[in-house]
S.K.: 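To start, I am sharing the structure in question, which I have written as structure tokens.
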Amino acid sequence: MEKDVINILIVDDEKYEGILMEKSVAWESEGFHIMGNVQCAEDALALMEKQTPDIVYTDINMPRIDGLELSRRIRETYPAVHIVIVTGYREFEYAREAIHIGVEEFLLKPIQSDELLAAAVKLREQILKEREQQSKDVEIYPVLCQELLRRIVTGYIKSEEAEEKLSEYQIRLWKNKGVRGALLIMDLEDHDILLKLLEIMNEALGEKNYGYFSLEKNKIFFVVEETPEIKKLLGNAFEQITELGKDGTVATSVSCYYEEIDGSPKILSECEEALVDTMRDERKTLIFYEDYIEYMQQISHSYPVNFDSYRIAVKSGDQEAAVGFIDHYLEQYIFNGPLMISQLRNLGVLLFHNTMSVLKESNKHLDNEEQVKILENISGINTLQEFCRTLYALIEGTIQTISRNAGGNTVAQKAQEYIEQNLDREKLSLNLIASDLFVNASYLSRIFKQSVGESITKYIMRKRVEKSMELFDTTDLKVYEVAAAVGMPDAHYFGTSFKKYTGKTVNEYKSKNRTLSGK
């Protein structure tokens, strides 16, 4: 096959020697092709600019540029070319220098035809393997580039390694001016649409000025080199891309500009955050993160209320408190004047984003389709009843999602662990535990009793008495010392609580303990 033919270039300043090497072997029948036979290094290099050989046979002793210097230049410019030195020089220094340069064979004149062929046959197997690997590399190269960008953007690769890989793959992003992220959502199931999309990006930005990878079947993420005209260029590209989407939803969000690789994960998170909000209406939308933040700030300034208590209520699973926060908010800001539908919708957006932040803090999330559906419902609110129904359902669903904790480390379990570790604190109480665990006290009280079967107050007392019994059994501490060790420095109160729990006074318990132990 033509692709398996090995091209050979012969370089020898003695014309007869060159002709002899060319004619003494039936190269064509052996699967080789003599692509050139020249008498100087300059002609060889000029020929190689037009066509790259697989093997170069070169003499050492040539005028102006000798064979070793030619080999050095070939190795620098055409590292895949294999070099065979053919010379009458027998000095060891020449051979050593040739090996240092990367020459694979060193043949001495007068050369025999079988030696010439043997050197070429030996190199052919290596060349064919390299061609096969190169063919695979060409096929897999785009995939490798996409996977590298994915690892960089998702933070799975450190900046030093990322820089090395970018250089290895000849990707110049982050090299000059930094990048932005651009997240596009549209129907990409048709392969032809993807190809047309990339054609648009190539024309608008230049093939080397962006990279991409797929997030989901209908989402593609671009890493775009920053330029002074980037917003205009992306805007022009988006106008053409919307034509590909026909009547379907097409939306793109663009992150802020980040110069360093370490900031790469932010370009994805910013795009995802902004994109969800642009999808409230099924329309073609392009939004930049800077504009999105400005929009959110305008909404927040309209309602100067701290959402911390709302987030704490949702995170702790206290649906009653979360709903109470909304009711109070409505009373204070919405009902104090004409009921404005736009105000309800804006409030819904704020509550949505605060709810999503709670999910994120809990390492939970709703998929994008769910988020889009909720935001679409919010944008379509026309009555107070619709508002309440939508937001209350969001709260309930979020609390259920958070409660599904694979590790089983529930709020009640955390409270039990906290109590075990803090029995010596005199003021250990429901309010203190709730505050330190960042949960609502009434919710903690209710969930603890449901899970453990007794109130927190009774649980604390029981654990204190059990701990004191353990200390009486294993130490010689005095009664007041044991009382202090379990957070009850009032010895009289400790004694009363001890008898109430065990049915015995402290002295009766200690006396029985001494009898049983034989002391």
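No hydrogens, no waters, no symmetry mates; every other heavy atom, side chains included, goes into these values.
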S.K.: Salt bridge (charged side-chain N to carboxylate O under 4.0 Å, His left out), that's the test. Do E76 and R72 meet it? Break it down for me.
M.R.: CA-CA 6 Å; E76 290 175 356; R72 189 177 293 107; 5.8 Å; no
S.K.: What are the two closest heavy atoms between G211 and L173, and how far apart are they?
M.R.: N-CD1, 3.7 Å
S.K.: Using residues 391-398 as the side-chain source, report each donor-acceptor pair under 3.5 Å to any protein atom, sequence neighbours left out, with the distance given to one decimal.
M.R.:
unit_1	atom_1	unit_2	atom_2	d
Y392	OH	D327	OD1	2.7
T398	OG1	L394	O	2.7

S.K.: In chain order, what residues pass the side chain to side chain donor-acceptor pair (under 3.5 Å) check against S71, with sequence neighbours excluded?
M.R.: none
S.K.: Show every side chain to side chain donor-acceptor pair (under 3.5 Å) that has at least one partner inside residues 28-44, sequence neighbours left out.
M.R.: E22-N37, E28-H33, E42-R64
S.K.: Can you name the nearest heavy-atom pair linking A322 to Y310, along with the distance?
M.R.: O-CD1, 3.9 Å
S.K.: Could you tell me whether K266 sits above the aromatic face of Y258, with NZ or CZ closer than 6.0 angstrom to the six-membered ring centre and within 45 degrees of the axis?
M.R.: no
S.K.: Without swapping roles, check the side chain of S167 against the backbone of E163 for a donor-acceptor pair under 3.5 Å.
M.R.: no
S.K.: Search all heavy atoms of D66 against all heavy atoms of I60 and return the closest pair with its distance.
M.R.: CB-O, 3.1 Å
S.K.: With a 6.0 Å cut-off on the ring centroids, do F307 and F325 count as close?
M.R.: yes
S.K.: To check you understand the geometry: which heavy-atom pair defines the closest contact between P79 and R75, and what is its length?
M.R.: O-NH1, 3.1 Å
S.K.: Looking only at non-hydrogen atoms, find the nearest pair between D54 and V5 and report the distance.
M.R.: OD2-O, 3.9 Å
S.K.: Give a yes or no answer on whether the side chain of Y57 reaches the backbone of L116 with a donor-acceptor pair at less than 3.5 Å.
M.R.: yes
S.K.: Any side-chain donor paired with an acceptor under 3.5 Å for Y78 and E49?
M.R.: no
S.K.: Looking only at heavy atoms, what is the nearest atom pair of G31 and R124, with distance?
M.R.: CA-NH1, 4.1 Å
S.K.: Between Q146 and Y212, do the side chains contain a donor N or O and an acceptor N or O under 3.5 Å apart?
M.R.: yes
S.K.: With a cut-off of 6.0 Å (strictly less than), are more than 12 heavy atoms of other residues, nucleotides or ligands near NZ of K232?
M.R.: no
S.K.: For K196 and E199, what are the C-alpha separation, side-chain angles and deciding distance, and is it a salt bridge (charged side-chain N to carboxylate O under 4.0 Å, His left out)?
M.R.: CA-CA 5 Å; K196 291 177 182 176; E199 286 179 8; over 6 Å; no
S.K.: Please confirm whether the backbone N or O of S379 pairs with a side-chain atom of R345, one donor and one acceptor, at under 3.5 Å?
M.R.: yes
